[in-house]
Asker: 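Quick one: the structure is below, questions incoming.
Read the numbers this way: they start at 1 and go in the same order the structure lists the ligands and their atoms. Heavy atoms only: backbone and side chains are in, while hydrogens, waters and symmetry mates are out.
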Amino acid sequence: MPAAVCFVVLGRQGSGKGTQCQMLTERTGIIHISTGDMLRAAVEAETQVGKQVKEVLDSGELVGDELMCELLAERLTKSDVSKNGIILDGFPRTTQQAEALIQILEKLDIEMVLAINIDVKNEAVIERMLLRGRTDDTEEAIKRRLELYEKQTAPLLEWFNEKGILVSIDGGRTEEEVFEDFLSQIENSSN
Ligand code: ADP
């Protein structure tokens with residue numbers, strides 16, 4: 001038996017990853033690890049990392065792989081992880097991060113179970129992001145983040161698919177409808 005299980009949620013910015021993960025945590029206790037939230041908290045607290053990444057976040061660019069992998073690896077050593085299992089939101093975002101994740105999980109004896117892609121089309125997510133009103137959601141940053149998604153993150157769908165652990169669900173429905181699918185994918189894969 002591995003020490004813990006790991007799920008990954010994929011999908012464009014604004015596809016509802018954070019919302020679905022929050023609902024999952026409430027229902028099952030699985031721990032939601034959002035690298036975006038971690039970075040925003042660091043900026044807010046004005047830590048060294050926070051100062052380092054603030055401009056990157058505001059511009060919509062990606063934080064460097066090395067720093068991201070370090071931050072994630074450190075987070076995964078906390079004791080809540082092995083107790084409840086985790087769902088990663090916003091990581092991995094590049095193939096390098098995905099390769100590094102495999103190593104990190106192996107070291108900690110965590111099993112990567114499933115990647116769930118929440119599928120929502122480009123036009124729909126732009127509208128959603130403008131509505132959520134986060135301070136880094138300027139039109140320019142949104143455009144840049146979606147560009148980077150296509151270039152750097154979309155190829156990960158194939159990467160997870162080749163490992164035989166990818167499922168896609170239709171994210172263009174109500175939160176509750178999407179959650180029904182989301183939860184059943186998680187539950188089916190854990191049986
Ligand atoms: P969004 O899905 O709208 O991009 P996130 O909260 O996931 O929002 O991420 C916000 C920002 O944090 C990203 O635009 C990026 O600058 C940075 N970030 C988060 N996760 C990563 C990651 N795994 N690699 C590089 N940068 C990241």
Asker: May I ask whether Phe91 and Val56 are part of the same hydrophobic cluster, defined by side-chain heavy atoms of I, L, V, M, F, W, Y residues being less than 4.5 angstrom apart, directly or through others?
Answerer: yes

Asker: Please report whether ligand 1 has a polar contact with Asp37, defined as an N or O pair separated by less than 3.5 Å (distance criterion only).
Answerer: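 Between Asp37 and ligand 1, no N or O pair is found under 3.5 Å apart.
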
Asker: Starting from atom 10 (C) of ligand 1, locate the nearest protein heavy atom and write down its residue, its atom name and how far away it is, to 0.1 Å.
Answerer: Arg40 NH1, 3.5 Å

Asker: Check the pair Lys121 / Asp119 against salt bridge (Lys or Arg N to Asp or Glu O under 4.0 Å), numbers first and verdict last.
Answerer: CA-CA 7 Å; Lys121 301 281 159 276; Asp119 192 21; 3.5 Å; yes

Asker: Taking non-hydrogen atoms only, is Glu61 closer than 4.0 angstrom to ligand 1 via side chain, backbone, both or neither?
Answerer: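 Contact part for Glu61 vs ligand 1: backbone (N, CA, C, O).
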
Asker: Using a 3.5 Å cut-off on N or O atoms only, is Arg134 in polar contact with ligand 1?
Answerer: yes

Asker: State, yes or no, whether a side-chain contact exists between Asp181 and Val167 at a heavy-atom distance under 4.5 Å.
Answerer: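 Answer no - side chains too far apart.
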
Asker: Can you tell if the side chain of Ile169 reaches within under 4.5 Å of the side chain of Glu177, non-hydrogen atoms only?
Answerer: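 No, their side chains stay 4.5 Å or more apart.
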
Asker: What do we get for Gln13 next to ligand 1 when only non-hydrogen atoms under 4.0 Å count, side chain, backbone, both or neither?
Answerer: both

Asker: Heavy-atom distance under 4.5 Å between the side chains of Ile86 and Arg75, does that happen here?
Answerer: no

Asker: Answer yes or no: is there a side-chain heavy-atom contact under 4.5 Å between Thr153 and Arg145?
Answerer: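 Answer no - side chains too far apart.
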
Asker: In the protein, which heavy atom is nearest to atom 9 (O) of ligand 1, and how far is it?
Answerer: Arg93 NH2, 3.4 Å

Asker: For ligand 1, does Gln152 get within less than 4.0 Å through its side chain, its backbone, both, or neither, judged by non-hydrogen atoms?
Answerer: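 For Gln152, there is no contact with ligand 1 at all, from either part.
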
Asker: Considering non-hydrogen atoms of the protein only, which is the closest contact for atom 14 (O) of ligand 1, and what is the distance?
Answerer: Arg145 CD, 2.9 Å

Asker: Backbone N or O of Gly90 within a donor-acceptor pair of the Arg93 side chain at under 3.5 Å?
Answerer: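 Side chain of Arg93 to backbone of Gly90, a donor-acceptor pair under 3.5 Å: yes, one is there.
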
Asker: For ligand 1, which atoms sit closer than 4.0 Å to a heavy atom of Thr35?
Answerer: 19 (C), 20 (N), 21 (C), 23 (N)

Asker: Please list, in number order, the atoms of ligand 1 under 4.0 Å from a heavy atom of Gln97.
Answerer: 22 (C), 23 (N), 24 (N), 25 (C)

Asker: If you look at every heavy atom in Ile116 and Ile186, which pair is closest and at what distance?
Answerer: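 Closest approach of Ile116 to Ile186, heavy atoms only: CD1-CD1, 3.6 Å.
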
Asker: Same cluster or not: Val63 versus Leu88, using hydrophobic residues (I, L, V, M, F, W, Y) connected whenever any side-chain heavy atoms lie under 4.5 Å apart?
Answerer: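 Val63 clusters together with Leu88.
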
Asker: Answer yes if Leu156 and Met68 sit in the same cluster of Ile, Leu, Val, Met, Phe, Trp and Tyr residues linked by side chain heavy atoms under 4.5 Å apart, and no otherwise.
Answerer: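 Same cluster: Leu156 reaches Met68 through Ile, Leu, Val, Met, Phe, Trp or Tyr contacts under 4.5 Å.
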
Asker: Which ligand 1 atoms does Leu57 reach within 4.0 Å, using its non-hydrogen atoms?
Answerer: 12 (O), 16 (O), 17 (C)

Asker: Between Leu39 and ligand 1, find which residue part has any heavy-atom pair under 4.0 Å and reply side chain, backbone, both or neither.
Answerer: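 Only the side chain of Leu39 comes within reach of ligand 1.
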
Asker: What atoms of ligand 1 come within less than 4.0 Å of a heavy atom belonging to Phe91?
Answerer: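 Checking each atom against Phe91, I get 23 (N).
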
Asker: Taking distance alone, with N or O pairs closer than 3.5 Å, would you say Gly90 contacts ligand 1?
Answerer: yes

Asker: On a heavy-atom basis, I'd like to know which of Leu148, Val63, Val43, Leu71 is closest to atom 25 (C) of ligand 1.
Answerer: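 The option holding the nearest heavy atom is Val63.
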
Asker: So is there a nitrogen or oxygen of Asp89 less than 3.5 Å from a nitrogen or oxygen in ligand 1?
Answerer: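 It does not: no N or O of Asp89 is found under 3.5 Å from an N or O of ligand 1.
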
Asker: Heavy atoms, side chains only, cut-off 4.5 Å: are Leu24 and Ile87 in contact?
Answerer: yes

Asker: Touching ligand 1 at all, Arg132? Heavy atoms, strictly under 4.0 Å?
Answerer: yes

